[in-house]
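Have a look at the structure below, then the notes.
Heavy-atom basis, side chains included; hydrogens, waters and symmetry copies ignored. Throughout, a chain's letter reflects where its sequence line sits, starting with A, and its residues are numbered from 1.
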There are 2 protein chains.
Amino acid sequence: MSETKDKIVAMADRLVRTRGFNAFSYKDIADPLDIKNAAVHYHFPAKADLGVEVIEQEIEKFNSSTAKWKHLPEDEQLAKLVDVFRKHNGQGNICLMGSLATDFETFSPPMQTKVQEMANGIVSWLTNCLEQGRKNKRLHFKGAADARALIIMSNLQSSLLLSRVMGPSAFRRIADQLMEDLCQK
Amino acid sequence: MSETKDKIVAMADRLVRTRGFNAFSYKDIADPLDIKNAAVHYHFPAKADLGVEVIEQEIEKFNSSTAKWKHLPEDEQLAKLVDVFRKHNGQGNICLMGSLATDFETFSPPMQTKVQEMANGIVSWLTNCLEQGRKNKRLHFKGAADARALIIMSNLQSSLLLSRVMGPSAFRRIADQLMEDLCQK
DNA sequence: GTCTATATTCCGATAGAC
DNA sequence: GTCTATCGGAATATAGAC
């Protein structure tokens, strides 16, 4: 992929996380990169094309990250995931899922499908991590692993939303309590 | 308040919950009510005025609901709150907090302040409910009540977001596991 | 309080030159 | 691959008649 195209996707990713998909324009991308909106349209004819690319890159990033953690104990894998959210919190970002879920009903079918693909991938990974972690006595929780995965995902997602409104300490308090719940016997 | 004004706020509330604040227009409100966009502007000169009113009505609704539950045991008060979210889930709504937190950075200062006021009110009530519930042995959880309040709020908030993307069963699985966590000893 | 009409701005998108 | 120029449409908002 060309350098400009990369920068466009990176800028779009940032804008989705800070302002939401429907609240940024091609101009918001073009101006900081010192190009014209027509150049953005050359790489991504429609805004939905850009949205799909942002999601696809996020899916790849998630898959390559989790693959790198594969050899770690499950509690440490989970801590790595929390660290990803911690970093976003420090940058004033919300997560892609949270941002795109809010605007979901306004999306074209191809974008909706991509969002669902991303959600399913994260929940699947989390469910498997929890199941294995419980088996290996690295993680402790009650109930079904897939329900717990949904709970943890919702905690991480909303921790960034609440941090934005209530101050960044909200993230830390949620993340700390979350890991404590899962790691103490 | 006039009847038309009430209908406008109700319609705006619905649109915020289904499409997001930045993704609906005065036309989306005026058309279904069979009035013109100028009539909406008469009641709410700027869109932010309408946003503030929607939030204020939600705060009042929350306060009057929780006041009605005051005599109930804390676990039942919590179940009542979950029921409010369950109803929204059935209607395809996300919660105001979730929707407005996503768009937060795009809001004018008066609207941002109102969102923060709403968030603080909900967390305060939840924290108090949890504290009293633990004291009365109706609710069981580890750690500080205010951290647990943030966790529960994030679960409820994101349960509606995830339901939208992954199907409405996501809400039920999260809500059921949540109440089970808190109610079993 | 609601209307018609319009001002203004911005957006996504495209045509065609370079 | 990027530009200038522009189209068509939609959004927020206002002026003034009724």
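- For D:dT2, one of the phosphate oxygens OP1 or OP2 lies less than 4.0 angstrom from a side-chain nitrogen or oxygen of A:Thr4.
- Using modelled atom types and a 3.5 Å distance limit, the side chains of B:Gln116 and B:Asn120 yield no donor-acceptor pair.
- Phosphate contact (OP1/OP2 of C:dG12, side-chain N/O of A:Lys47, threshold under 4.0 Å): present.
- Distance check: B:Gln112 CD to A:Arg164 CZ gives 9.5 Å after rounding to the nearest 0.5 Å.
- At the phosphate of D:dT2, OP1 or OP2 sits under 4.0 Å from a side-chain N or O atom of A:His43.
- Under the 3.5 Å distance criterion, with hydrogens and angles disregarded, a donor-acceptor pair is assigned to the side chains of B:Asn155 and A:Ser154.
- Side-chain atoms of B:Tyr26 lie closest to D:dA13 of the nucleotides D:dG1, D:dA13, C:dG1.
- Within 4.0 Å of A:Ala38, counting heavy atoms only, lies at least one base atom of the nucleic acid.
- At a threshold of 4.0 angstrom between heavy atoms, the contacts of B:Phe44 with the nucleic acid are absent.
- D:dG1 atom P lies 12 Å from atom CD of A:Glu3, rounded to whole Å.
- Side chains of B:Gln57 and B:Glu53: a donor on one and an acceptor on the other come within 3.5 Å.
- Computed from coordinates, the A:Leu33 CG to D:dT2 P distance equals 10 Å when rounded to whole Å.
- For A:Tyr42, taking side-chain heavy atoms from C-beta onward, the closest of the listed nucleotides D:dG1, D:dC3, D:dA11 is D:dG1.
- Across C:dA13, D:dA11, D:dA13, the shortest atom-to-atom separation from the side chain of B:Lys27 is found for D:dA11.
- Rounded to whole angstrom, the span from the CG atom of A:Asn37 across to the P atom of D:dC7 amounts to 15 Å.
- For the pair A:Asp31 CG and C:dG12 C1', the interatomic distance rounds to 15 Å; values are reported in whole Å.
- Taking atom CG on A:Asp34 and atom C1' on D:dG1, their separation rounds to 15 Å, with Å as the unit.
- Place A:Ala46 and B:Ala39 on DNA chain C by their nearest nucleotides, and B:Ala39 ends up nearer the 5' end.
- Atom-to-atom, CD1 of A:Ile29 to P of C:dG12 comes out at 9 Å; the value is rounded to the nearest Å.
- Side-chain nitrogen and oxygen atoms of B:Ser25 include none within less than 4.0 Å of the OP1 or OP2 phosphate oxygen of D:dA10.
- Residue A:Lys36 contributes atom NZ, which lies 17 Å from atom C1' of C:dG12 at whole-angstrom precision.
- For the pair A:Ile8 CD1 and D:dT2 C1', the computed distance is 11 Å after rounding to whole Å.
- In this structure, of D:dT2, C:dT14, D:dT12, it is C:dT14 that holds the atom nearest to the side chain of A:His41.
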